[in-house]
Amino acid sequence: MSITEKKSGEEITILAIESSCDETAASVVRGGRTVLSNVISSQIDIHTLYGGVVPEIASRKHTERINQVIRQGLSEAGMELEDMDAIAVTYGPGLVGPLLIGVSAAKAISFATGIPLVGVHHIEGHSCANYIAAPELEPPFVCLVVSGGHTHLVLVKDYGKYEILGRTQDDAAGEAFDKVAREIGLGYPGGPKIDRVSREGDPRAIDFPRGKVSGSAYDFSFSGMKSSVLNYLNTCRMKNIEVNVPDVAASFQQAVVDVLVTHAMRAVDEYGLTRLALAGGVASNTALRAAMRSACEERGVEFFCPPPILCTDNAAMIGCAAYYEFMQGVRSGYDLNAKPGLRLGDR
Ligand code: KG4
Ligand code: ZN
């Protein structure tokens with residue numbers, strides 16, 4: 001019998017690595033929900049110069065930083081590699097170059113030490129951030145994952161069992177925030193800037209359309225909403241009307257929030273669930289959190305949302321997701337590869 005098999009679930013300790021976009025992150029997680037360290041090295045300053053994430057630069061920065069970040073993750077937890085029961089890593093979806101850096105590092109550590117390897121789905125990780133923030137949370141629940149690359153409305157049926165109810169047909173919610181922010185001169189990353197400036201604006205000032213996808217109650221479309229903001233700005237320019245940036249930001253944000261809340265509440269009602277969780281970078285949006293919380297309260301639905309540090313990309317959420325996979329016997333081989341288009345539920 002191996003050492004791992006003798007341990008109880010609470011003792012299982014996992015080193016997790018995340019590098020799917022522009023954050024190099026490492027974390028040590030014990031028993032799935034106890035975070036012993038959570039190191040995040042953000043590249044935001046570099047990508048801000050280009051108005052968005054440049055994949056080639058992101059890959060190079062991950063290569064430079066990953067060893068130090070992993071070392072720091074272990075030392076902040078007061079642990080050594082030999083204390084780990086598994087090495088977890090995000091292997092998709094995400095940017096292929098950045099994913100490969102994390103996957104290669106995890107495989108090298110696993111190969112050198114013999115510690116089992118567990119490949120983790122990035123979106124599953126975002127959803128699992130809620131388990132860390134709320135130790136009492138158990139499936140089933142509806143999870144709305146809204147980030148820079150993804151917008152998924154997910155039915156979390158059980159640990160590791162997901163059904164995607166809806167997804168974006170074009171831009172992700174965060175991508176729409178980032179593009180609109182650039183157009184109104186707020187810069188990158190747009191989400192937090194729109195969030196901040198919207199507090200001084202009127203969310204009812206401009207009636208931007210609430211994007212719909214015909215034939216689907218749960219899918220999302222944000223590119224039309226983004227285009228209508230661009231049209232509005234062009235019209236103002238042509239007519240020499242001064243643009244009220246806080247009003248445009250607040251009205252756009254309100255349109256996105258309305259759509260997200262309507263879809264999430266439809267799912268909760270239809271599936272008769274009593275818990276709703278938010279996840280992903282856009283889940284830090286103050287207007288979204290407030291609107292979702294009050295919609296949940298109206299229905300007697302329990303609302304969950306991780307703190308901002310667990311909403312944006314981090315490795316603690318990957319360690320948590322890996323724990324539930326590991327306990328179900330999931331192990332990855334040394335042929336684990338980066339899968340940029342990995343779908344939830346696929347291996
Ligand atoms: O989850 P995340 O760190 O990376 C991906 O997996 O994509 O999400 C980053 C996205 C960016 O688009 C950023 O603008 C958005 O999350 N974001 C926000 C806020 N904070 C981050 N969007 C709206 N309001 C915020 N407060
Ligand atoms: Zn993410």
Side-chain angles (χ1 to χ4, degrees), residues 123 126-127 129-130 133 141-156 162-181 189-196 198-199 201 203-204 206-214 216-229 248-271 273 275-299 301-308 310-312 344:
I123 307 224
H126 273 302
S127 170
N130 282 285
F141 58 92
V142 173
C143 187
L144 176 66
V145 185
V146 268
S147 74
H150 319 281
T151 305
H152 280 49
L153 188 61
V154 181
L155 190 59
V156 183
Y162 304 91
E163 181 183 333
I164 299 175
L165 302 176
R167 69 179 83 211
T168 182
Q169 297 297 306
D170 38 59
D171 292 348
E175 197 179 350
F177 267 100
D178 293 338
K179 286 178 179 167
V180 166
K193 293 186 172 160
I194 289 196
D195 192 348
R196 209 166 312 122
S198 291
R199 290 173 206 155
R204 291 172 308 277
I206 309 145
D207 188 20
F208 292 126
R210 274 55 176 160
K212 283 200 182 89
V213 177
S214 68
S216 167
Y218 292 122
D219 283 340
F220 303 92
S221 171
F222 295 106
S223 79
M225 291 159 86
K226 176 198 70 193
S227 302
S228 64
V229 175
V248 175
S251 301
F252 166 73
Q253 178 175 268
Q254 189 61 50
V256 175
V257 167
D258 281 353
V259 170
L260 294 175
V261 172
T262 308
H263 281 49
M265 291 305 111
R266 193 178 290 139
V268 159
D269 290 345
E270 190 172 323
Y271 289 87
L273 290 174
R275 298 180 204 109
L276 178 112
L278 276 181
V282 182
S284 331
N285 185 272
T286 45
L288 175 62
R289 290 163 92 103
M292 200 68 88
R293 182 181 298 281
S294 80
C296 283
E297 272 168 14
E298 269 172 32
R299 286 170 170 76
V301 166
E302 251 186 299
F303 174 66
F304 297 88
C305 190
L310 291 174
C311 285
T312 43
L344 199 57

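Position 1 is the first residue of the sequence, and the numbers go up from there.
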Keeping the roles fixed (side chain from [X], backbone from [Y]), state whether a donor-acceptor pair exists under 3.5 Å.
| X | Y | result |
| --- | --- | --- |
| Asp269 | Arg266 | no |
| Asp219 | Gly166 | no |
| Arg210 | Phe208 | yes |

- Can you check side chain to side chain donor-acceptor pair (under 3.5 Å) on Thr286 and Asp195, steps first, answer last? CA-CA 7 Å; Thr286 45; Asp195 192 348; 2.5 Å; yes

Within this structure, what is the [atom1]-[atom2] distance for the pair [X] and [Y], rounded to the nearest 0.5 Å?
| X | Y | atom1 | atom2 | answer |
| --- | --- | --- | --- | --- |
| Leu153 | Cys143 | CG | SG | 8.5 Å |
| His263 | Met265 | NE2 | CE | 12.5 Å |
| Leu344 | Ile123 | CG | CD1 | 6.5 Å |
| Asp258 | Met225 | CG | CE | 8.0 Å |

Of all the heavy-atom pairs spanning [X] and [Y], show the shortest one and how long it is.
| X | Y | value |
| --- | --- | --- |
| Gly148 | Ala172 | O-CB, 3.5 Å |
| Ser284 | Arg289 | CA-NH1, 3.4 Å |
| Leu310 | Pro306 | CB-CB, 3.8 Å |
| Leu165 | Ala267 | CD1-CB, 3.8 Å |

Under a 4.5 Å cut-off applied to non-hydrogen side-chain atoms, are [X] and [Y] in contact?
| X | Y | value |
| --- | --- | --- |
| Ile206 | Val248 | yes |
| Thr151 | Val145 | no |
| Ser127 | Val156 | yes |
| Asn285 | Phe177 | yes |

- Item | Plane angle bin for Phe220 and Phe222 - parallel if under 30°, tilted between 30 and 60°, otherwise perpendicular |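 Geometry flag for Phe220 against Phe222: parallel rings.
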
- Item | Salt-bridge criterion met for Lys179 and Glu175 (N-O under 4.0 Å) |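 Salt bridge between Lys179 and Glu175, a charged N being under 4.0 Å from a carboxylate O: yes.
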
- From CA spacing to verdict: side-chain contact (heavy atoms from CB on, under 4.5 Å), Val301, Leu273: CA-CA 8 Å; Val301 166; Leu273 290 174; over 6 Å; no

- Report the residues that fulfil side-chain contact (heavy atoms from CB on, under 4.5 Å) with Ala283, sequence neighbours left out, ordered by chain and then residue number.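 Ala283: side-chain contact (heavy atoms from CB on, under 4.5 Å) contacts with Leu278, Cys305, Cys311.
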
- Query: What residues form a side-chain contact (heavy atoms from CB on, under 4.5 Å) with Ala249, not counting sequence neighbours?
  - Reply: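 For Ala249 the side-chain contact (heavy atoms from CB on, under 4.5 Å) partners, ignoring immediate neighbours, are Ile184, Ile194, Val197, Ser198.
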
- Might you confirm whether atom CZ of Arg293 has over 12 heavy atoms from other residues, nucleotides or ligands at distances under 6.0 Å?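 No, not enclosed.
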
- Message: Ignoring hydrogens and geometry beyond distance, is a side-chain donor-acceptor pair present between Ser221 and Asp170 at under 3.5 Å?
- Response: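 Ser221 vs Asp170: donor-acceptor pair found between side chains.
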
